Each structure stands twice: as C-alpha cells, then as structure tokens.
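First the structure, in the form of structure tokens, and then the observations on it.
This structure is a prediction, so every number in the text was calculated from the model and none was measured. Lettering follows sequence order; numbering is per chain, from 1.
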Amino acid sequence: MQNWYPGSAEGKGGVYNFVTKRGLCEKNAKISWTQVETGSAVTWKYPSCILKGDNSIGEFYSIAVTNNYQQADTGTKMIHLGKNTRSTIISKGISAGKSQNSYRGLVKINASAENARNFSQCDSLLMGNECGAHTFPYIEVKNKTAQIEHEATTSKIGEDQIFYCNQRGIDTEKAIALVVNGFSKEVLNKLPMEFAVEAQKLLEISLEGSVG
Amino acid sequence: MLQIKDVYASVEEKDILKGISLSVNAGEVHAIMGPNGAGKSTLASIIAGKEEFELTKGHITIDGEDITELDAEERAHKGVFLSFQYPIEIPGVSVTNFIKTAINENRKAKGLKDMPASEMLKKIKEKADLLEIDRKFLSRSLNVGFSGGEKKRNEIFQMAMLEPKLAILDETDSGLDIDALKVVANGVNKLKNKDNAVIVITHYQRLLDYIVPDFVHVIMDGKIVKSGTKQLAYELEEKGYDWIKEELV
C-alpha cells in the first residue's frame, strides 16, 4: 500500500514513485502481489513474477486510484518459463479529476513453458469528464499450448447510481465510496481484514471532493 | 402528510408538469394513472428530488415542512421512498451491504448510532421472509443480473427495511408476471398502516386489484384531469384514456 504525497489539487509538487519489484518462483512456488496505490504525483510500478520452476504460480492484484493531476502507470510482468505455470492478473483503476490512470502489463510465455495459463482482467472506473483510463496489455506467446485470457471493462460512475443511493438516504460522498468499494471488491478481498478496512478508508479519502 | 401545491416542472427546458396539486394523508393509498409521457414518472422524480428535474413553480411539503429545496438524501431522511421503475445496478455491493449502509445513513441523519449487527440481521431476516426472498439473493450484487421480478422485489424489500412515511411505487408492476406481482403487492399491503401513505404509479388497472387505492388520479399532459375512487380505474380499463380526453373537450 503506497500513499506518498500526490501534490496539490492544482498539480504542484508531489512525489515521483518509480519502483522495481520482481520475484523468482522456483518449482511449485507461488508469489502473490497485492497493491493499493493512492499517492504520488507520478507512479510507475510493475511488480513482476518470473515463473521459472514447473507448476509455479504468479498473482497480481491491484487497485490504483488517481485524482486531481496524478498520473499512475502500473501493472505487472508475468514471465512464464516453467511447465504448467499459471498466472492471474486483476487490476482495478479508478480515475477522478484530471488524472490519468494506465494499466501496463506483459504476459510472456517462453517456448519452454508447456501448458502455461494466464487470466487477466483490467477494469477501469471513471469519475467525471476530464480524467483518463488506459489499458496496455502486452502478450508474447512462444508456445502453442498456452492459454491466455484477457478481459477489460471501462465504466463510469453514473448520475443514476448516485441518485439511486441518494434516494435511499445515502449522501453523494458515501455513495461514491460504496460504488468504488464494490468495484474494487475482488482485490480488497485479497487483503487481510484489518488491512482491507484501512484500504477502504484510504480510497474514500483519496477521492474526497472529487465530485462537485 | 404530503401536499403538492400547484407544481410546475421541466426537464431540459421542456415543461412536463403544468400545475399539479395533490394532497395525500397518512393511511391512504393513491393511484396515479395516465398515458405514456403524461408526466407520471416526472411527478415521482420531482417528489424524490432528482436533480435534472427542475421545479419551476409551486411547493411540496411533508408534514407541513417545505421540502422543495432539499437534496434527495435529505428527503429520504424525511421518509420519502421511491421504488424505481428501472432499479440501478451497483456491481460488487451486495443487497445486504447496500441496505445496511442506507439504514445507518438514515440513522446518522437522525443523530442515532449505527444499528447493532444482531438487530440488523434480525430485521433483514424478518423482511426477507415477508417478501419470500431467498437468503442467497441477499449476498448478490445489487440488481446485477436480477430478473425483472427480482429487481422489483428488491425495491419492496428496501422499502420494508427503511419503513418510509411516504412510498412512491413507480410502475412497480412493469416486467412482473402475475405471481411476482402478487408477492410484491402482498408485501406492500403488509407494510401499509395508518401512519404511512403509498402512491402507486401505473398504466394498468391490474396492479390495483391487489393494492387497492382509496383514490385514483388521472394525469394527462402534465395536469391531473380527473380524480375518483377505484371505480375510475375500472372505467379507464374499459374505455381507455381517449374517453377522458373527449370528456375534457
């Protein structure tokens, strides 16, 4: 979970967060990355897995929130070398204000990786008319037995959703938190309980005042 | 309880309601009927406080308090409930989580603490049983992949949980088969008491066989052109709306 200073609402200042994280999976090993990115003016972050050993597993679960003038470019690399290696990528991007939020990921199946499997899901949620969401999935397959799936959706928090919540007595800020938490649920569920509660609060704070 | 006084309303500069007055007392059921585009749903939206709908003239009061300037959630806190014609989907938010949030937000507005979890669960069970709702249903994402009947039943479930003073049912019968209609109507009837009121908006007389109104109003071209008892609904069913049009000329 990273929440560095994102700069002012006008986009002045803020931390640049460029990160390198990668893990090597030997035989039957598993690495699971779960990240919640809310801070920094600019984030470039790609926690990756090298699935070297046979039957090894790589997972990447990500929530990235950008507001105001923030830019996030984040994702993962799943490099399949061993046989029967599997990887799962679930990425949830939430953009508000004038921010730009990108998923960038590589799924690479080497010639040696017999029966490799990958499933990727990249969902983007937009708030307002001035933000952007982008998805750059790179897929390189050198082995015919590979099975790769990629799903992507982009949706926008609708006025109808907000009104529906309002009508039930839920104010707009809380309504947005509800929609965002629902959207991020598959990833939040991967966090330990106490952490998930913190993450939910952090999402709410990061998006505070994002609707006028 | 509800007083609508000479209300004019427009959407995107188009006049929809052109002088509607309506008075609803506690314990009453009012049916609002009328052809497509007459302004029935607009009336529901304007009472609930939907932003795109602009009230250009007139006042709406609840228990004597003017709610014309209030936000939708503040009106909800005053006990206004709208059962949507097309309920909205919220992926990843369960029916239980949604209603829990709604109840606690309403309590917060009244200065009360969150409802204790045990009490909440008991209430959910009680109301789900009342509406013959399966437990599994409660953990599904709100309205996502629900059938027409499930959506409407979920609306009435929320109504049962929130116990509003004034419930407006906007075309609750559309998309329902006869069995689902009976369950929904039965639920509404069980929730009705001398302290609350129901406004039923519908095209057809059919629903009114199950939710029996005290008064029936016909809206045409943004005005209430005729009011009467249940008998009026039968006449409409038989003769159609043209009959009233002719009468008006």
Side-chain angles (χ1 to χ4, degrees), chain A residues 36 61-63 65 90-94 121-128 151-191 193 196-197 199-201 203-204 207 211-212, chain B residues 44-45 47-53 70-95 97-110 112 139-144 151 154-155 157-159 161-164 166-168 170:
Chain A
V36 179
Y61 299 102
S62 169
I63 301 170
V65 184
I90 310 280
S91 163
K92 304 277 180 178
I94 299 148
Q121 184 186 332
C122 302
D123 299 323
S124 307
L125 186 68
L126 297 164
M127 298 171 59
E151 289 178 9
T153 65
T154 304
S155 53
K156 202 177 151 185
I157 294 192
E159 279 168 15
D160 285 349
Q161 280 176 322
I162 302 293
F163 176 64
Y164 190 79
C165 293
N166 289 161
Q167 208 300 307
R168 299 301 186 248
I170 302 167
D171 69 25
T172 301
E173 291 266 338
K174 189 85 190 174
I176 287 170
L178 201 64
V179 174
V180 167
N181 277 323
F183 173 79
S184 317
K185 198 174 167 194
E186 286 155 285
V187 176
L188 289 174
N189 281 347
K190 294 288 167 189
L191 296 169
M193 174 73 160
V197 174
Q200 277 190 13
K201 284 195 186 128
L203 291 184
E204 286 175 29
L207 292 169
V211 279
Chain B
S45 298
I47 299 171
K50 192 169 185 179
E51 264 181 32
E52 300 95 288
F53 292 76
L70 296 185
D71 289 336
E73 65 268 25
E74 294 169 316
R75 297 182 195 206
H77 300 155
K78 304 251 177 253
V80 176
F81 178 91
L82 173 62
S83 168
F84 283 58
Q85 184 177 1
Y86 305 107
I88 309 295
E89 297 181 1
I90 308 186
V93 177
S94 69
V95 174
N97 186 10
F98 183 74
I99 197 64
K100 229 162 70 182
T101 308
I103 284 191
N104 285 332
E105 287 296 299
N106 277 290
R107 287 173 69 97
K108 202 165 86 186
K110 294 181 178 75
L112 297 169
S139 54
R140 286 170 63 186
S141 283
L142 192 72
N143 291 319
V144 178
K151 281 185 183 170
N154 181 30
E155 293 293 287
F157 169 67
Q158 291 178 37
M159 171 183 158
M161 290 296 292
L162 291 165
E163 299 172 332
L166 172 71
I168 306 162
D170 189 4

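- Residue P164(B): no heavy atom, backbone or side chain, is found under 4.5 Å from chain A.
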For this session: Check the pair D160(A) / Y86(B) against side-chain contact (heavy atoms from CB on, under 4.5 Å), numbers first and verdict last.
Result: CA-CA 10 Å; D160(A) 285 349; Y86(B) 305 107; over 6 Å; no
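- Proximity to chain A (any heavy atom under 4.5 Å) is shown, for I99(B), by neither the backbone nor the side chain.
- In this structure, I94(A) and S184(A) have side chains that are in contact, with non-hydrogen atoms separated by less than 4.5 Å.
- Checked for salt-bridge contact, K108(B) and E105(B) meet the test: a charged N lies under 4.0 Å from a carboxylate O.
- Only the backbone of F183(A) comes within contact range of chain B, with at least one heavy atom under 4.5 Å from a heavy atom of that chain.
- Both the backbone and the side chain of A48(B) have a heavy atom closer than 4.5 Å to some heavy atom of chain A.
- Neither the backbone nor the side chain of E186(A) comes within contact range of chain B; no heavy atoms are under 4.5 Å apart.
- Without hydrogens or angle criteria, R168(A) side chain to F81(B) main chain gives no donor-acceptor distance under 3.5 Å.
- For a residue to count as touching a neighbouring chain, one of its non-hydrogen atoms must lie under 4.5 Å from one of that chain's; by this rule E89(B) touches chain A with the backbone only.
- Within the 4.5 Å cutoff, the side chain of L125(A) has heavy atoms near those of the I157(A) side chain.
- With chain A as the partner, the residue from E52(B), K78(B), Q158(B) showing the most heavy-atom pairs under 4.5 Å is Q158(B).
- A distance of 6.0 Å or more separates the ring centres of F163(A) and F53(B).
- Closest approach of A175(A) and C165(A) over heavy atoms only: CB-CB, 3.5 Å.
- Residue with the most contacts toward chain A among A72(B), S141(B), P87(B), G49(B): A72(B) (heavy-atom pairs, distance under 4.5 Å).
- Proximity to chain A (any heavy atom under 4.5 Å) is restricted, for L162(B), to the side chain, taken from C-beta onward.
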